[in-house]
**Q** 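Provided herewith is a single structure, encoded as C-alpha cells, for subsequent inquiry.
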Amino acid sequence: MPKETFWPATAVEGDGTEPALTISWGHELPGVYVNGVHFDRSGINRLIRVARNSRDKAYGRDE
C-alpha cells in the first residue's frame with residue numbers, strides 16, 4: 001500500500017521521532033487512511049479544504 005509520511009518540523013533524521021501524519025491508500029484495502037483511520041471521499045475533501053483554509057490564514061494566499 002503506497003503511503004506518504006510527514007514528520008514534525010523539529011524532527012532530525014534518526015532521532016527516533018514518530019511521524020506526525022501518515023497517509024496511505026490502495027486497492028487491497030480500498031480507500032484512504034490517515035494515521036490508520038479510514039476516510040471516505042467526503043472526509044478527505046473536507047480535510048483538504050480545512051488544510052488549505054488553515055494554510056491561507058497562517059501564511060496568506062499565494063496565487
Side-chain angles (χ1 to χ4, degrees):
M1 183 180 303
K3 70 178 181 178
E4 290 284 336
T5 303
F6 300 86
W7 302 89
T10 57
V12 177
E13 187 174 346
D15 71 356
T17 301
E18 293 292 320
L21 180 66
T22 301
I23 300 174
S24 56
W25 61 95
H27 297 290
E28 304 86 33
L29 293 173
V32 176
Y33 297 81
V34 178
N35 287 350
V37 177
H38 179 261
F39 281 77
D40 62 8
R41 186 177 188 93
S42 66
I44 292 297
N45 288 340
R46 182 169 177 244
L47 179 64
I48 291 167
R49 282 192 302 274
V50 167
R52 286 179 176 161
N53 188 34
S54 301
R55 176 204 58 204
D56 291 346
K57 286 183 178 180
Y59 303 111
R61 294 184 64 109
D62 185 34
E63 293 188 23

**Q** Please tell me if the side chains of Leu21 and Ile23 come closer than 4.5 Å, counting only heavy atoms from C-beta onward.
**A**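 Side chain of Leu21 against side chain of Ile23, heavy atoms only: contact under 4.5 Å found.
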**Q** Check the hydrophobic clustering (I, L, V, M, F, W, Y; side-chain heavy atoms under 4.5 Å; chains of links allowed) and say if Leu47 and Phe6 are grouped together.
**A**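 Yes, same cluster.
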**Q** Any donor-acceptor pair under 3.5 Å linking the side chain of Asp56 with the backbone of Asn53?
**A**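 No; zero donor-acceptor contacts below 3.5 Å.
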**Q** To the nearest 0.5 Å, what is the distance between CH2 on Trp7 and CD on Glu18?
**A**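 One gets 7.0 Å once the value is rounded to the nearest 0.5 Å.
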**Q** Kindly compute the distance separating CZ (Arg46) from CG (Asp40), expressed to the nearest 0.5 Å.
**A**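 Between Arg46 CZ and Asp40 CG, I get 11.0 Å after rounding to 0.5 Å.
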**Q** Please walk me through it: do Leu29 and Met1 pass side-chain contact (heavy atoms from CB on, under 4.5 Å)?
**A** CA-CA 8 Å; Leu29 293 173; Met1 183 180 303; 3.6 Å; yes
**Q** To the nearest 0.5 Å, how far apart are CZ in Arg55 and NZ in Lys57?
**A**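 Answer rounded to 0.5 Å: 13.0 Å.
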**Q** So which atom in Ala20 and which in Asn35 form the shortest heavy-atom distance, rounded to 0.1 Å?
**A**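 So the two residues come closest at O-ND2, 3.6 Å.
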**Q** Under 4.5 Å between side-chain heavy atoms, counting indirect links through other Ile/Leu/Val/Met/Phe/Trp/Tyr residues: same cluster for Val37 and Ile48 or not?
**A**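 Yes.
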**Q** Compare all side-chain heavy atoms of Trp25 with those of Pro2 and state whether any distance is below 4.5 angstrom.
**A**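 Answer yes - side chains close enough.
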**Q** With the side chain counted from C-beta on, respond yes when Val32 and His38 share a heavy-atom pair under 4.5 Å apart, and no when they do not.
**A**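 Side chain of Val32 against side chain of His38, heavy atoms only: no contact under 4.5 Å found.
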